[in-house]
Number of protein chains: 2
Amino acid sequence: MNAISDAIAEGAAAYMKRQYMVVAGIGAIIAVILFFAFGLITAAGFIVGAVFSTIAGIVGMSIAVRSNIRTAQAAKKGLSAAFDLAFKGGAVTGLMVAGLALLAVSGFYWVLERVANGNLQPLIALGFGGSLISVFARLGGGIFTKSADVGTDMVGKIEKGIPEDDPRNPGVIADLVGDNVGDDAGMAADLFETYVITVIAAMILGHLTFPANTAVLFYPMLIGAISIVASIVGTWFVRLIGKGGVMKALYQGLIVAMLISVAGFYVLTTNIFPHGLGPISSLNLFLTSIIGLVVTIGMVIITEYFTSKSFSPVKTIANASTTGHGTNIIAGLAVSMKSTMAPILLIAGAILVSFNLAGLYGVAIAAMSMLSLAGIIVAIDAFGPITDNAGGIAEMAGMDQKVRDITDPLDAVGNTTKAVTKAYAIGSAGLAALVLFASYTQELVKGGHFNGSFSLSDPSVLVGLFIGGALPYFFAALAMEAVGKASVAVVDEVRRQFREIKGLMSGKAKPEYGKAVDIVTKAAIREMILPTAITVLAPIVVGFTLGPKALGGLLMGCIITGLFLGISMTTGGAAWDNTKKYIEEGNFGGKGSFAHQSAVTGDTVGDPYKDTAGPAINPMIKVMNIVALLIASFLI
Amino acid sequence: MNAISDAIAEGAAAYMKRQYMVVAGIGAIIAVILFFAFGLITAAGFIVGAVFSTIAGIVGMSIAVRSNIRTAQAAKKGLSAAFDLAFKGGAVTGLMVAGLALLAVSGFYWVLERVANGNLQPLIALGFGGSLISVFARLGGGIFTKSADVGTDMVGKIEKGIPEDDPRNPGVIADLVGDNVGDDAGMAADLFETYVITVIAAMILGHLTFPANTAVLFYPMLIGAISIVASIVGTWFVRLIGKGGVMKALYQGLIVAMLISVAGFYVLTTNIFPHGLGPISSLNLFLTSIIGLVVTIGMVIITEYFTSKSFSPVKTIANASTTGHGTNIIAGLAVSMKSTMAPILLIAGAILVSFNLAGLYGVAIAAMSMLSLAGIIVAIDAFGPITDNAGGIAEMAGMDQKVRDITDPLDAVGNTTKAVTKAYAIGSAGLAALVLFASYTQELVKGGHFNGSFSLSDPSVLVGLFIGGALPYFFAALAMEAVGKASVAVVDEVRRQFREIKGLMSGKAKPEYGKAVDIVTKAAIREMILPTAITVLAPIVVGFTLGPKALGGLLMGCIITGLFLGISMTTGGAAWDNTKKYIEEGNFGGKGSFAHQSAVTGDTVGDPYKDTAGPAINPMIKVMNIVALLIASFLI
């Protein structure tokens, strides 16, 4: 076990080092550009954001590789012990992500108050730093993990008929490393970014709307602080007691955290805005802070419906799998597209209600209260990949089957909670991006020469909308393509080893694990550059050639198609994954049946959908919006 | 041959009769509602549009079933004879579609001038009638043809290993009927609708922008008239002379039609607007009329790049097929998403240039000149399904292999030209829908209480955008789901017949073809209702509950996501199809190889993408816009 775990940890650390070396180089160039364009403090803000995002990613990965092996060991004692350990590992990551984010923003704001006279632009740069690094982490980690996963499974499961995580498979270490650098490090960086951007967007919009009132700056941060405490308390209630199983234990914690947050928000709001905020009553502000929690609950329920094995979407895909690969994919694509309607209506409703309660600042507060629970949401998510890896280690180390019987159901629950986190992240990203968009609008209005209205009848707005809409498609296409190409390379390599290394299939010879790790490492680092470059450059090019109105259209266009692509990909991918698990439980013929083979194909397609392209769209949307906000003053 | 052809013709006629019976019932209810809401002439407009669309569909189908068998016979004489006959069949459909559309609009306008004092609202109802029937035709025909195709292929090609159109396959007649009711009738109704809507939108926008000048009403119709004559001349130049093959022959005709159109547009514009139109010079108007032709050429080139076997996208999917079903799908999805960028940039560029040349009316004229070539474009498209069916008849009748060797390559070219037509239709639909949107805006401005600006910072516009964006996703999901469910039913039925009918596989017993026809007929008619109902009701519900601003947002939202979904689905589906054909030519292992099996899966997924969901989005977008325009006066 130790040898395997060390190999995984080593592979993960080696990849992270290479990834962040490349990113550091690019970051340094951008920091220099920012220094000359905006001055020292803005460049410093960018660096703070980038460094903290890097820390979030590295810590997320480090905790995971340490928890995996311990969870495998704890699984010998039973479900409760394994779950407890895995959840604690996840909770450390979750609370660390939220804590680091709040620390970065509040600490840097403390500095700004002293050295920059409350100028908030360096905060935007901090958000830019965080988002940029997260795009790299999501893309790089996502390409790594999914090309390893797809390539390994296609030869191992489909062609050779050997189980998942079988030590004879030459791709298996790359696959396990991938879980840590993609699902753990990438996710931690992503949620860090979402959190940071949401706080900053709320602060900036508050400042632009109510410039005289400094309480609007502290209110979002304090909402975050309250929910971190609430999340810590919430984690104490995540226990396997009585019936209901793991899912119930997790939701127990989430509900406790929410109730404490509501109480905290009430005390906070009535104290910080005893007479309301301008025309907005303090009751209305408190109510908007609850909307974020309602959206969170709604996203959880919707995502569970579309991805859990208990409801009709997954069962429909499973039924379609009995007739072949093609009908599995058709049914999965249908579910993936269908799953966008309810979340979008939920977000639209949240916008309408919070705007009517408290104007644009209300939308910002709703987004902030939604994100404030990131600590416990990430905790609920991060235990999944830990148990997944624990199962892999158990399998490879030849441990007792009963260990695997404990980690497998935990992993299945983790699959749904991972989908929930992604839906939560992309939903909150939509709100946060809208707040950034509103800040961009306000910034242009402040600079004069702009009436505050991006009219849909204005052809440059229209053209911007179209171009903006095209970017998430192009970005997602590049991500899918990268996984496609790299997994073909992995398949070729794994096939080669099975063909050339004698005694591999009979277990007498060991595969060369390092070769597959090397292929996906190189592919991930090479392929993450272009999509990120397009994301940063598109708003600059459109802003300076077609003007600030076209740029406004571009931002809205990328928010719209980005939301749909993000939700459909993450939800659809999880539905495919759980369809496979549902069939493996013995439905429609069970493991090894024709339906199972089709379901494995669906899972393969869902992998880059849900773990590469889909979640990377989330930071991508925000990078575009924050770059626009950063250059707004030059465009007028 | 006659027996087979009669069976196909009979099945197609029976389906069309049932489809249009259901549609007639729904249409009658709507006509009554329109009568009470708007009066007799508007209801009459709706009926004219609906009846002419029905005629377009029925004529398209009738010509196809008559040309198929004749083409199979002509193929005995050689490539040139078969191509000549199939193209002539397509040309009749194409010129009939454009002619009927222009006749409906100009004839009804002639009546309106006499009985309605030039009130244009009944024209909107005419467009509504045409669009509504086209949604039904596209959806019903698309669900029929693709569930038959997918279900038949999955058992025949993948499980039983028998060739396409093998008479032993119990689904084969349903499949061949489907080509006629989907690819021929559905396509004819779709292009009829696109043409009618574009003329009407240009006329209405012209009237709203320049109410005093009646020439703006005739200009779009005359552009159409010139291009019909040009298209007739163009068809004479479609001949197989020298090298270059079929594709060159087709493009020859298209180019001649374009050149004649350009000359005609020049004479027309300088005569009808000798001193320009308001501030717009007649040269500028002439130039905008050329933009539509440029966009057409651009769409042809882009679509050919992404779907033809000669370029890298199809080759990349083919390479990915060697490693399995999953990588084929991943690569195909990547190509499908990637293919949206260039068309969107082209359309965005066309909007910018035409707006700068001649304002919103310029965008309308660009759309009209693009659509004016529908006659020859449809001719180029419609020969494809004719040769496809001819091949099927030859196969089933046990004709000489050399007949099949002639129809197969013609069918492959037809695949690319079909993709081109769909991209052309969806691109022009985007422009036409924008013109409708502009008319809706003008209509609200005219009614007062509206400043003409749908601001992106207005939350109701934003909410409308989100809901509008969700509708094409939901619509496409329902269409995919319908094909998925019905093809599972076909698979079960075909499997049952192979299992229960003794001697079927050895050719001693005949399958019960009617059973499969019956399954897909019922499924198509049942499943086309809900998506169409949503399309008609969504703008009404949003308009009357959230108001005219939210409705404006909804229209733009559905244009944006609809364009992306439409382009990505039609292009991606064609790329998958041609990947299969590319491998069948002997690349990557050829027929029967592992790569070929994966490519068949990709083709299966691409089928409902390119022939059901994708093309149905085109009339769907326009129904929403035209319903909004119809109810605009009630919303103010």
Side-chain angles (χ1 to χ4, degrees), chain A residues 150 154 158 319-320 323-327 329-331 333-335 337-338 340-341 344-345 347-348 351-352 355 434 437-438 441 452-457 459-463 465-467 469-470 473-474 476-477 480-481 483-484 487-488 491-492 552 556-557 560-561 564 568 601 604-605 608, chain B residues 150 154 158 319-320 323-327 329-331 333-335 337-338 340-341 344-345 347-348 351-352 355 434 437-438 441 452-457 459-463 465-467 469-470 473-474 476-477 480-481 483-484 487-488 491-492 552 556-557 560-561 564 568 601 604-605 608:
Chain A
V150 170
M154 284 187 74
I158 301 186
N319 185 37
T323 46
H325 304 271
T327 38
I329 301 292
I330 292 173
L333 286 172
V335 165
M337 290 191 287
K338 212 173 180 179
T340 56
M341 179 61 103
I344 290 290
L345 290 181
I347 293 171
I351 293 170
L352 264 192
F355 185 87
L434 284 177
F437 175 78
T441 311
S453 158
F454 293 101
S455 167
L456 288 181
S457 309
S460 48
V461 173
L462 214 57
V463 165
L465 267 174
F466 280 5
I467 300 175
Y473 269 85
F474 197 67
M480 293 287 284
E481 209 174 65
V483 173
S487 49
V488 167
V491 166
D492 287 341
M556 191 52 74
I560 294 174
T561 63
F564 284 100
S568 65
T601 295
T604 307
V605 175
Chain B
V150 169
M154 284 186 75
I158 302 185
N319 185 36
T323 46
H325 305 269
T327 39
I329 302 291
I330 292 174
L333 286 172
V335 166
M337 291 191 287
K338 211 172 180 178
T340 57
M341 179 62 106
I344 289 289
L345 290 181
I347 293 171
I351 292 170
L352 265 191
F355 185 87
L434 285 177
F437 175 79
T441 312
S453 159
F454 293 100
S455 167
L456 288 180
S457 309
S460 47
V461 173
L462 213 58
V463 165
L465 267 174
F466 279 5
I467 299 174
Y473 269 86
F474 197 68
M480 292 288 283
E481 211 174 64
V483 173
S487 49
V488 167
V491 167
D492 287 341
M556 189 53 75
I560 294 173
T561 63
F564 284 99
S568 65
T601 295
T604 307
V605 175

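As a basis for the values below, the full set of heavy atoms in this structure was taken, side chains included, without hydrogen atoms, waters or symmetry mates. Here is how names work: the chains are called A, B, and so on, in the same order as the sequence lines, proteins then strands, and each is numbered from 1.
Of the listed residues (Gly324(B), Ala476(B), Ala470(B)), the one with the most heavy-atom contacts under 4.5 Å to chain A is Ala470(B). Contacts with chain B were tallied for Gly469(A), Ser460(A), Gly557(A); Gly469(A) has the most, counting heavy-atom pairs under 4.5 Å. Of the listed residues (Ile330(A), Val483(A), Ile351(A), Leu465(A)), the one with the most heavy-atom contacts under 4.5 Å to chain B is Ile330(A). Interface summary for chain B: among Met154(A), His325(A), Lys338(A), the most heavy-atom pairs under 4.5 angstrom belong to His325(A). Across Val463(A), Ile344(A), Thr604(A), the residue that shares the most heavy-atom pairs under 4.5 angstrom with chain B is Val463(A). Options Thr561(A), Val488(A), Asp492(A) differ in how many heavy-atom pairs under 4.5 Å they form with chain B, and the most are formed by Val488(A). In terms of heavy-atom pairs under 4.5 angstrom with chain B, the leader among Leu462(A), Val335(A), Ile467(A) is Leu462(A). In terms of heavy-atom pairs under 4.5 angstrom with chain A, the leader among Val150(B), Leu345(B), Leu434(B), Asn319(B) is Leu434(B).
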### Task
Decide yes or no on side-chain contact (heavy atoms from CB on, under 4.5 Å) for Phe564(A) and Ile560(B), but give the supporting numbers first.
CA-CA 11 Å; Phe564(A) 284 100; Ile560(B) 294 173; over 6 Å; no

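Taking 4.5 Å as the limit, some side-chain heavy atom of Thr327(B) sits within range of a side-chain heavy atom of Ser487(A).
For Val461(B), the part sitting under 4.5 Å from any heavy atom of chain A is the side chain, from C-beta outward, and nothing else. Contact annotation for Ala331(B): neither backbone nor side-chain heavy atoms come within less than 4.5 Å of a heavy atom of chain A.
Listed by chain and residue number, Pro459(A), Leu360(B), Val363(B) satisfy the side-chain contact (heavy atoms from CB on, under 4.5 Å) test with Phe355(B) (two or more places apart in sequence, or in another chain). The side-chain contact (heavy atoms from CB on, under 4.5 Å) check on Thr441(B) picks up Ser457(A), Phe437(B), Phe450(B), Phe454(B), with sequence neighbours excluded.
Rounded to the nearest 0.5 angstrom, Thr340(A) OG1 and Phe474(B) CZ are separated by 8.5 Å. Taking CG of Leu352(A) as the start and CD1 of Ile347(A) as the end, the distance is 12.5 Å to the nearest 0.5 Å.
Contact between Thr323(B) and Ala320(B) at its shortest, heavy atoms only, is OG1-O, 3.0 Å.
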